[in-house]
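Shown next, in structure tokens, is the structure this report addresses.
As the structure is a prediction and not an experimental result, all values here were calculated from the model.
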Amino acid sequence: MFCDIRTFERKLQVFERDIESGQLKYFRNLKIHLENSTIFTDNPPSHQEIHKELSSIVAAAKNFSNRFLQFQKMEKTLYFLTSPDKAKYEELDISCLHWLDLENLEMELLDFQESSIWKNKFYALRATLEKIECEGMTTDSTVGSSENEILKVWNSLPNNFKSMKALGIALLSLFGSSYACEQLFSALNYIKSDTRNRLTDELSAACVALKLTEYEPRFGKCAACIQQQKSH
């Protein structure tokens, strides 16, 4: 998601330069319209005014970047998810995760980066992510989603890297938008309503997890493990 944001920001800069130059390479329909209006209209529109108006629209869109300032600040920290073997402790911004117990993070990161076994897991992860990107997440895909593959690798790390795992899972659980957060609260309001106010916090949390999870139970496999009741 962060890569998409950065790409869009850079495209806006290209659009702005294209308008200022007057080439309109990325606004072909507008260019055709202006050329036709010059030929077939007695009072053609002012190119300068149109360029100015379009430039103001693109400039306003560039304020889009202000909404993601925190993500920009955490850019190198976000890359930690897929490339902890390349991460530098002093470049990680963990100020917003002060509630995590990351006391041993620096030492764990050093141990991790000197272990070829665990580094190879993330080499393989990046190869898998490339495969997912190339396949375009088609129905023929032989691997899962990017998020699941990343989570799978982090869960496979031993408790020797407890602080690293805590940081990785905390970053994975960041909400990409307010929609996910609002969806959670809507589910909780439905589950723990006035008519079901005797639910314990533990049971409510389990119900919310079931409501929001993307995993689907394998009912056939579950049923096959249970002996059916036979008539006597």
**OP:** Would you please name every residue forming a ring pair (Phe, Tyr, Trp, His ring centres under 6.0 Å) with F27, sequence neighbours left out?
**Re:** F15

**OP:** Would you mind listing every salt bridge (charged side-chain N to carboxylate O under 4.0 Å, His left out) that reaches into residues 106-130, with sequence neighbours excluded?
**Re:** D85-R126

Original post:
Counting only N and O atoms by type, is there a donor-acceptor contact under 3.5 Å from the side chain of W154 to the main-chain atoms of M164?
Top reply: no

Original post:
Are L54 and V14 joined in one hydrophobic group, where the rule is that I, L, V, M, F, W and Y side chains link up if heavy atoms are under 4.5 Å apart?
Top reply: yes

Original post:
What distance separates N120 CG from L125 CG, expressed to the nearest 0.5 Å?
Top reply: 12.5 Å

Subject >> Counterpart residues, side chain to side chain donor-acceptor pair (under 3.5 Å), relative to S95 (two or more places apart) >> reply: D93

Original post:
Salt-bridged, K152 to E149, with N to O below 4.0 Å?
Top reply: yes

Original post:
Looking at residues at least two apart in the chain, or sitting in another chain, which of them share a side chain to side chain donor-acceptor pair (under 3.5 Å) with E91?
Top reply: none

Subject >> Separation between OG1 of T128 and CZ of F122, rounded to the nearest 0.5 Å >> reply: 11.5 Å

Original post:
For the hydrophobic clusters of this structure (ILVMFWY residues joined by side-chain heavy atoms under 4.5 Å, transitively), does one cluster hold both Y123 and L151?
Top reply: no

Subject >> Closest approach of T77 to L171 (non-hydrogen atoms, all atoms of both residues) >> reply: O-CD1, 3.5 Å

**OP:** Drop me the distance from L81's CG to L172's CG, to the nearest 0.5 angstrom.
**Re:** 4.5 Å

Original post:
Is the closest side-chain heavy-atom distance between W118 and P84 below 4.5 Å?
Top reply: no

Original post:
Taking side chain as C-beta onward, heavy atoms only, is I169 less than 4.5 Å from N155?
Top reply: yes

Original post:
Ignoring hydrogens and geometry, is there a side-chain-to-backbone donor-acceptor pair from S115 to F112 under 3.5 Å?
Top reply: no

Subject >> Transitive ILVMFWY side-chain link F161 to Y89, under 4.5 Å >> reply: yes

Subject >> Nearest-0.5 Å distance that lies between atom CG in N104 and atom CG in N160 >> reply: 11.0 Å

**OP:** Spell out, yes or no, whether I19 and L30 are grouped together once hydrophobic residues are joined by side-chain heavy atoms under 4.5 Å, including indirect joins.
**Re:** yes

**OP:** Nearest 0.5 Å please: distance from the OG atom of S83 over to the CG atom of L78.
**Re:** 11.5 Å

Original post:
Mind checking whether L105 and I94 have side chains closer than 4.5 Å, heavy atoms only?
Top reply: yes

Subject >> Residue pairs, two or more places apart or on separate chains, that pass side-chain hydrogen bond (donor to acceptor under 3.5 Å, both in side chains) and touch residues 23-32 >> reply: none

Original post:
In the hydrophobic clustering (ILVMFWY, side-chain contacts below 4.5 Å, transitive), which residues join L210, or is it alone?
Top reply: none

Original post:
Which is it for T7 and K11 under the side chain to side chain contact (heavy atoms under 4.5 Å, CB included) test, yes or no, and what are the steps along the way?
Top reply: CA-CA 6 Å; T7 303; K11 283 181 179 179; 3.8 Å; yes

Original post:
Side-chain contact, heavy-atom cut-off 4.5 Å: E16 with L12?
Top reply: no

Original post:
Take atom NZ in K162; do more than 12 heavy atoms of anything else shown fall under 6.0 Å from it?
Top reply: no

Original post:
CG of L109 to CZ of F80: how many Å apart, nearest 0.5 Å?
Top reply: 6.0 Å

**OP:** Examine distances only and state if a side-chain atom of Q113 and a backbone atom of A87 form a donor-acceptor pair shorter than 3.5 Å.
**Re:** yes

